[in-house]
Number of protein chains: 2
Amino acid sequence: MIDADHPTVVGEPEIAPQRRRERRDAAAHRQRILEVARHLFGQFGVAAVSMHQIAQAAEIGQGTLYRRYANKGALCRDLMHEHQVVFAQDLQAWLSTSVRMSALTQLDGVIVRTLHFVDESTALLEAVVRTELRHDRCDLPHPDDRMPPGQEHWFLWIHDLLEGLLRKAVARGEIAALDAPYTADMLLALMNPMYLRFQQSARGYDLDRMIAGIRHVFLRGIHDVPGDATLPETDR
Amino acid sequence: MIDADHPTVVGEPEIAPQRRRERRDAAAHRQRILEVARHLFGQFGVAAVSMHQIAQAAEIGQGTLYRRYANKGALCRDLMHEHQVVFAQDLQAWLSTSVRMSALTQLDGVIVRTLHFVDESTALLEAVVRTELRHDRCDLPHPDDRMPPGQEHWFLWIHDLLEGLLRKAVARGEIAALDAPYTADMLLALMNPMYLRFQQSARGYDLDRMIAGIRHVFLRGIHDVPGDATLPETDR
DNA sequence: TTGACAAGTGGACAACGGTCCGCTTATAAT
DNA sequence: ATTATAAGCGGACCGTTGTCCACTTGTCAA
């Protein structure tokens, strides 16, 4: 109820000009959390460290920890953030130096680089994926406020990148028309951290073999030209 | 300690001729468990039902439940078993009626049928996959004694089937040489229940679109011939 | 400086998955 | 029928994830 007697400012600035910035002590805690988590993860492995442990080691309550990070996955995402940014920049840079190449070549470059990146970050990425699917997170484009703004979900970005390159390749007549969004998703499925790890540890494939396989099927399956003189060796 | 006075049978039958058969009451419990689980799953969804609940509803202790099923995944596997057998037989039957077709056509048939099967069994299959990867089950060929003997892990079977068909296609000169084991794994990755569901619910792809996409990439990527006029009908 | 209030905090609590272990009982050999 | 024994049983118990809520404290505005 609005009380007319009170001197409510006319156009009261409901706009909430900018979100009250993070309290200083909170920021300090945040730092400590990341630090401690990084340390514990390094020492025992991501999977073996519980949120409770992290809270204790950081000498804060669980509630505090969960306030900042809804789950271990979120924490890992924050830890990864830096790497991701670097990766994204590198990729972006490479793309811009390679504009003169064929879209297919660019696509290949993106795939290979992404695979390497995922392969290097398996530990953290796996935790992310894991918690996401524990929560039935099958509604991928989730907002997730706790994430630094502007940092969209990473996989989404890669997806769009792949899709874009596929479209470009089609537009340039490098390949026949195809279902770009779904094809991008297929590629993404093959680069899923958990799957990657499974194939490496249980099947014993190494990264190069996987890259070769993906190349063989995709770059051929997409390409119109039957000959494969330019394709990398199947080498197995 | 062996007491020499006792008439221990000379070559005592250490062989344990056949495992003492399941006690009758235990068998009854098993039935009840399956029944109750099926019911609860149907009512609330697989994910929403806890082992504790199942035990309670079946009026047995948790220990009893866990004795038979190491986890929810195992229970679901048992529930699925029947369907799986039927599916396997159907597939086998179809394969034997289609021996005169090209290996590639057979491969296509297997892929399509498997996709449909997975799609129909998502609920249960998902629980299986989920628990398997919760346990870091990245060592797939796990023995898992609690499974009906002779019933190997299902995915393994499909994998071998796919691999075999790929090899056959290569041997017959239908396609260029490739890395059959890994290619089979790629296909399997795309048929993963969790991934399937994700793509359907989050991305909104329907099964036909996915089949079309996989066909486009794989049957083209593998095939030597650029045209695709010979590709089999969708037959559903 | 003061006070209001949202942001921040901590720890109790609950649900779930899963293990353990001591007791009971069906079964098979005697 | 008796008995040894392994199969079966139940529920207390543990660790983990995640929620809740009463309390404290930094911050901003007056």
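In what follows, chains are A, B, ... by sequence order, proteins preceding strands, each numbered from 1. These numbers were taken from a predicted model, which means no experiment stands behind them.
- Atom-to-atom, CD of B:E59 to P of D:dG8 comes out at 20 Å; the value is rounded to the nearest Å.
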All N/O contacts under 3.5 Å from nucleotides 20-24 of chain C to the protein, with atom names and distances to one decimal?
none

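- Here A:A57 pairs with A:V36, A:L40 under the side-chain contact (heavy atoms from CB on, under 4.5 Å) rule; sequence neighbours left out.
- For the pair A:H52 NE2 and C:dG11 P, the interatomic distance rounds to 10 Å; values are reported in whole Å.
- With B:Y195 contributing its side chain and A:A189 its backbone, the two residues share a donor-acceptor pair below 3.5 Å.
- For B:T64 and D:dG8, the shortest distance from a side-chain N or O to OP1 or OP2 is not below 4.0 Å.
- In this structure, the CZ atom of A:R67 is 20 Å from the P atom of D:dT17, given to the nearest Å.
- By the side-chain contact (heavy atoms from CB on, under 4.5 Å) test, A:A37 is found to be paired with A:F41, A:I54, A:L75, A:L79, residues two or more places apart in sequence or in another chain being considered.
- Sorted by first and then second residue, the side chain to side chain donor-acceptor pair (under 3.5 Å) pairs with a member in residues 47-61 of chain A read A:H52-A:Q62; sequence neighbours excluded.
- When distances are taken from the side chain of A:N71 to each of C:dC16, D:dT16, D:dG18, the shortest belongs to D:dG18.
- One can place CZ of B:R32 at 14 Å from C1' of D:dG8, the figure rounded to the nearest angstrom.
- Evaluation of the side chain to side chain donor-acceptor pair (under 3.5 Å) test over residues 106-115 of chain A, restricted to residues two or more places apart or in two chains, returns A:S98-A:Q106, A:Q106-A:K168, A:D108-A:R215.
- In this structure, B:S50 reaches the sugar-phosphate backbone alone: every heavy-atom distance under 4.0 Å involves primed, P, OP1 or OP2 atoms, never a base.
- Protein atom CZ of A:R130 is 15 Å distant from nucleotide atom P of D:dT16, rounded to whole Å.
- Protein atom CE of B:M51 is 13 Å distant from nucleotide atom P of C:dC16, rounded to whole Å.
- Remark: C1' of C:dG17 and CD1 of B:I54 are 12 Å apart, rounded to the nearest angstrom.
- When the side-chain contact (heavy atoms from CB on, under 4.5 Å) test is applied to A:D160, the partners found at least two apart in sequence or on another chain are A:E163.
- What separates CG of B:L65 from C1' of C:dT19 is a distance of 13 Å, to the nearest Å.
- For C:dA7, the OP1/OP2 oxygens have no side-chain nitrogen or oxygen of A:R68 closer than 4.0 Å.
- Using modelled atom types and a 3.5 Å distance limit, the side chains of A:Y66 and A:N71 yield no donor-acceptor pair.
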